[in-house]
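Below is one structure, written out as structure tokens; comments come after it.
Both backbone and side-chain heavy atoms feed into the values below; hydrogens, waters and symmetry mates do not. Naming convention: chains lettered A, B, ... in sequence-line order (proteins, then strands); numbering from 1 in each chain.
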Amino acid sequence: MNTAIAHWSQANQERAQRILDSYPEKRSAVMPLLYVASLEHDYASLDAMREVAALVDVTPAQIQSVTSFYTMFKRKTVGTYLVSVCTSISCYLQGADEVLEIVERATGANHGETSADGRFSVEHVECIGACGGAPAVAVNYELIEGLTPAKAQQLIEWLNDTQPEVVLTDEMQQLFGGQRSFDWGPTESEGAIAPVPAFGPYGSAGGDT
Amino acid sequence: MTDLILTSRMVEHPSDSHTIDRYRETGGYTALVKALREMTAEEIVGEVKASNMRGRGGAGFPTGVKWGFLAPADPRYLVVNGDESEPGTFKDRQILERDPHQLVEGIVISSYALGVRHAFVYVRGEYPKPARRVQRAIEEAYDAGYLGKKILGTDFSLDVTVHLGGGAYICGEETALLNSLEGRRGEPRLKPPFPAIEGLYAKPTIVNNVESISNIPWIINNSGASYAAIGPERSAGTRMFSLSGHIKAPGNYEIVMGMSWRDLIYDIGGGVRDGHELKTWIPGGASAPWFVPDQHLDTPVTIDDVARNGSMLGSGAVVVMDETTNVVAAAHRIVRFFAHESCGQCTPCREGTRWLEDVLARILDGRGRRGDIDLLLDICDNISPGLLWPPAMTTICPLGPSAVSPITSITRWFMPELEAMIVESEVAVG
């Protein structure tokens, strides 16, 4: 494996190799590698970008042009829990602005900010595909649908009190959610432990579904 | 039997519709066996053409015709578009999450028909659970011999890679998606060349929506002609509609097109909340011009009827608003979306969407000015000359013109409300 990532965990080095092997041209691996590098560095830091650049043989500036284009690559430290409140049209019609207000007050972090204790980052986001279960919120990209302002308050308190290492979409939906876009089916034990998408080769959790 | 093509398994077997065991037990992968053992690639393309299925991503272009454009050069690619991000749309999420094997089977059949040896599924980054389900389904399919080398003992081999997006609506536009899949900024490309000629890595590429590809196994099992026989002539087959907003029974509904909007909103969606009245609705995602009750309730829900009435069925996302809705605020919310998601390549879109957002914001803030309506329309005219639908374009892709839809909708149907907000603010300013 490339010496640029010799300091990565063994698991993440193997993930990086699997990702590189899954594309005909290695530049295609830039986005998934940025997710893994963000796990190593907490966010898409300059070092993370340099390492991805070395892995795919492009300049760090080219990697930065990619990182800056997409909202899910974070260019500064993110709290333990990234709370994304959808405020697009369907959620807006069902009271998303009040949910955002509650989340901001309960966490002490406004849109684009991280709370002083580093526990929460808050953002309002555009449509997350949960319009039938509006208003919707995601914690570390794990979804909760039908979240009323009162339940949003409870969600933040619960995260604060229990500080789960892994956030599970089904568990949060059960505890705090309401109306869903559709029947979710059986409960899963997968989830995200970091505010990056967690599945298959990318994330820290849920790889072995 | 024909009333549910895509969702019958998840309706009948909610606890395990996503597993390979349940999928096979309910007829899954029989179309693949039929396609690989009994049919030539040309015959499969012929069936898809005969189905008259029109793409389910938004543009409504016939899938079989698109396949017919694929250039013969090698290698070529199939890319499944699961970047579903149009506000109001959540149908692909359900297919990815609840019946991923149906999609995988569709991918293998389509790849065989198109001469593809490497296919990609581009799933939006905000869909980790659907992506996990598809990834798992692909792994199961490899283990079962439906993917990988020499599938079902034939000479056909196929690899599939799931690619996670990074949170950018524009990557739903097929050429932006290809740039993103190449590890670049998701900026749309100038067309021509179209992806079927020069797509991924400048090789011939077919980009199809998740729902479109998920219909392929049914078409192979039942014939293209059977699919074409469902529903109105130019809106064949069933279709997933996502209902949201001020509606009693939000959710995804797989229906045969051709019913009226009244039937869809009141019979299927249960109507608006008790004690409230329908004010307006968006018939096909945030990009589409709005419909109003006294004009459009009896309009048939077909691609062509909606187009004839100046809007589009788009992604099948129906957003319902009742009389409590401040339509200027709703328009602002949609325009804000497009301003945020503009990729920035084309000046009319990059600058125009921001101006539209700012002017609407000041009207909402009680600082509207007498000339603001003309200003809004002038900006719109610079993005999309003539304010027509389908729009004339000054931009590479349709994102800019999409931001014009909510403005022309409120000026067309709710002008007194808009004017009143501006007059009120003038009085307030004195």
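- Contacts of B:C171 with chain A are made by side-chain atoms alone, with heavy-atom separations under 4.5 Å and no backbone atom involved.
- Using a 4.5 Å cut-off between heavy atoms, B:V160 makes no contact with chain A at all.
- Every residue two or more places apart in sequence or in another chain that forms a side-chain contact (heavy atoms from CB on, under 4.5 Å) with A:S65 is listed here: B:R185.
- Residues of residues 173-181 of chain A lying under 4.5 angstrom from chain B, judged on non-hydrogen atoms, are A:Q179, A:S181 by number.
- The residues A:R27 and A:E25 are annotated as not salt-bridged, no charged nitrogen and carboxylate oxygen being separated by less than 4.0 angstrom.
- A distance of 6.0 Å or more separates the ring centres of B:Y169 and B:H340.
- If you measure heavy-atom distances from B:E187 to chain A, the contacts under 4.5 Å come from both the backbone and the side chain.
- B:E97 touches chain A through its side chain: at least one heavy atom from C-beta onward sits under 4.5 Å away, while N, CA, C and O do not.
- Heavy atoms of B:S242 lying under 4.5 Å from chain A are absent altogether.
- Residues meeting the side chain to side chain donor-acceptor pair (under 3.5 Å) test with B:S409, sequence neighbours left out: none.
- Annotation for A:A29 and A:L20: closest pair CB-CD2, 3.9 Å, computed over non-hydrogen atoms.
- Listed by chain and residue number, A:W8, A:A48, A:V52 satisfy the side-chain contact (heavy atoms from CB on, under 4.5 Å) test with A:A37 (two or more places apart in sequence, or in another chain).
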